[in-house]
Amino acid sequence: MIVTITMNPAVDISYPLTEFKVDTFNRCDIARKTAGGKGLNVSRVLHQLDDPLVAAGLVGGALGEFIKENLAAAGMRFAFSEISEATRNCVAILHDGKQTEILESGPTVSESELVTFYQALNDLFKEATVISISGSLPKGAPTDFYNQVLDLAKLKQIPVVLDTSGDSLLAAVQHDNKPFLNKPNAEEVAGLLGISEIKNVTELKTSLQSELLCDIPVIVVSLSSDGALVKAEEKIYKVDIPKIEVTNPVGSGDATVAGLVSGIYRGQPLTDYLKKAMVLGMLNAQEETTGHVNLAHYDDFYRQIRVYEV
Ligand code: ATP
C-alpha cells in the first residue's frame, strides 16, 4: 500500500466568476469545495488509478471533519492525526481566464501533536511499500520534520517520493537518508542551488549534476508544457510531451507525483513511470478540477511521449 503525507491540508474553495470586481461584492452561483493540499491531490489521482493508499496528515476542527467526509464519500482510506487548531481554507477565484488565490497559512501544531503523528506513521509504515510526501509544513513543525520521516522510512526500507520546496526541501537533500525520488520544478532546483534562475535545459542539466543532488537516486524536474528533465543515477533524460489544449494546470505537478508513486509501487521501469507521470500531469491540466484526470485519453497521450538520454 501507498502512504501519502499531507501535513497542512486545506479545504479548497473555488469561486468561478464571469467578472471579478474589486472593492465591491461578487455573487457566485457555484462554489466548489474539496479536500485539498498537494498530498490529497496526489491521493485522489492514485485512487483513480485504483492503487491502494492511506492518506495521512494532520486535521483539526470543522474543516478537518469536512476533509474526512469528503475523502470517505470518494471511498478513500485515511488515517489523520487530530490537532487542536483548525484546518485551513484556500480560496481560488476563477475570473477572466485567470486565477486569483488566497492561501491561509493554516494552523500551528504543537510538539506533542507532532510526536503523536510520528507514532501513527510508525504503525502505518508497517503496511507501506511507497511513501509520498507533498507540500509545505505547518507552522510549529521544525524545518527538518521530513528528515525524521525519511529516517523512519529508511529503517523500514521504504522508498520515499518527496515534493516540497524551500527550507524543508533543502534540509531533506542535505540529510543522510535521502528520498528515493524528488520532484521539483526548475524554480525549486534554482532555489536549492541558491541561483536566481535556470534559463534553459542545458543549465538545468548542469544544475542536476551538482554535488548537492548527486546522492538522490531519481530527480524528476517537471517543466510544464516542456515535459521533464530527469536525473537517474548517472544519466540525464529529457521527456518530451505533445502539445495539448489546457483548461487548468493547477495541481499538474501533484498528478505527476501520483504517476511516479504509482509506477514505483507497481515496480515499473523508469521510462514507463516517467511516461505515466507525464500523462497524468497532462490529463490534470485538461480538467477544471484539481486532482482529477480523465483516463479515457491515457493511452493516446502515452504513445506520444518520448524519453531519451541527453
Ligand atoms: P503545480 O505546482 O501547479 O502542481 P508543478 O510546477 O509542480 O505544478 P508542472 O511542471 O507545471 O508542475 O506540471 C507537471 C506536469 O504536468 C508537466 O511535466 C506536464 O506533463 C504536465 N503539464 C503541466 N502543464 C502543462 C501544459 N500547459 N501543457 C501540457 N502539459 C502540462
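For this chain, numbers begin at 1 and follow the sequence in order. Order of listing sets the numbers, starting from 1, for every ligand and every atom in it.
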Side chains of L274 and I305, heavy atoms from C-beta outward: is any pair under 4.5 Å? no

If we number the atoms of ligand 1 from 1 as shown, the ones under 4.0 Å from a heavy atom of V246 are 26 (C), 27 (N), 28 (N)

Practice prompt. Kindly confirm or rule out an N or O of V250 lying under 3.5 angstrom from an N or O of ligand 1.
Written response: no

_Whether E85 and K139 form a salt bridge (side-chain N of Lys/Arg under 4.0 Å from carboxylate O of Asp/Glu) is what I want to check._
no

Numbered in order shown, the ligand 1 atoms found under 4.0 Å of a heavy atom of I241 are 19 (C), 20 (O), 29 (C), 30 (N)

### Query
Using a distance-only test with no angle check, is there a side-chain donor-acceptor pair under 3.5 angstrom linking D163 and S134?
no

Indicate yes or no: at least one non-hydrogen side-chain atom of P184 is less than 4.5 angstrom from one of I219.
yes

Any heavy atom of K38 under 4.0 Å from ligand 1? The part involved is side chain

Numbered in order shown, the ligand 1 atoms found under 4.0 Å of a heavy atom of K183 are 7 (O)

Within the 4.0 Å heavy-atom cut-off, what A228 brings close to ligand 1 is neither

Classify the angle between the aromatic ring planes of F80 and F78 as parallel (below 30°), tilted (30 to 60°) or perpendicular (above 60°).
-> parallel

Margin query: Can you confirm whether the side chains of T18 and H95 place a donor and an acceptor under 3.5 Å from each other?
Written below: no

Among non-hydrogen protein atoms, atom 12 (O) of ligand 1 lies closest to S222 OG, 3.3 Å

Report yes if some heavy atom in the side chain of I133 is under 4.5 Å from a heavy atom in the side chain of T164; otherwise report no.
no

| said: A side-chain contact here means heavy atoms from C-beta on lying under 4.5 Å apart; do I236 and Q209 qualify? | reply: yes

(request) Return yes when K243 approaches ligand 1 closer than 4.0 angstrom through a heavy atom, no otherwise. (result) no

* Looking just at side-chain N and O atoms, do T256 and K183 make a donor-acceptor pair shorter than 3.5 Å? -> no

Per-atom filter on ligand 1: closer than 4.0 angstrom to a heavy atom of G281 are 16 (O), 21 (C)

Tell me whether G227 has any N or O atom under 3.5 angstrom from an N or O of ligand 1.
yes

Closest to atom 23 (C) of ligand 1 among protein heavy atoms sits S252 CB, 3.6 Å

Atoms of ligand 1 under 4.0 Å from any heavy atom of T256, numbered from 1 in the order shown, are 14 (C), 15 (C), 16 (O)

| request: Count the heavy atoms of every other residue, nucleotide or ligand shown that sit under 6.0 Å from CD of E309, and state whether that count exceeds 12. | output: yes

Checking heavy atoms under 4.0 Å, the part of L223 that sits near ligand 1 is backbone

In ligand 1, the atoms that come under 4.0 Å of a heavy atom of D254 are 4 (O)

CA sep, side-chain torsions, deciding dist, call: N122, K156, side chain to side chain donor-acceptor pair (under 3.5 Å):
CA-CA 9 Å; N122 192 26; K156 299 185 191 275; 3.1 Å; yes

Nearest heavy atom to atom 24 (N) of ligand 1, choosing from G253, P184, S224, S134, belongs to S224

One finds that the ligand 1 atoms under 4.0 Å from a non-hydrogen atom of S225 are 25 (C), 26 (C), 27 (N), 28 (N), 29 (C)

Numbered in order shown, the ligand 1 atoms found under 4.0 Å of a heavy atom of N185 are 6 (O)

If you scan protein heavy atoms around atom 3 (O) of ligand 1, the nearest is G251 N, 3.3 Å

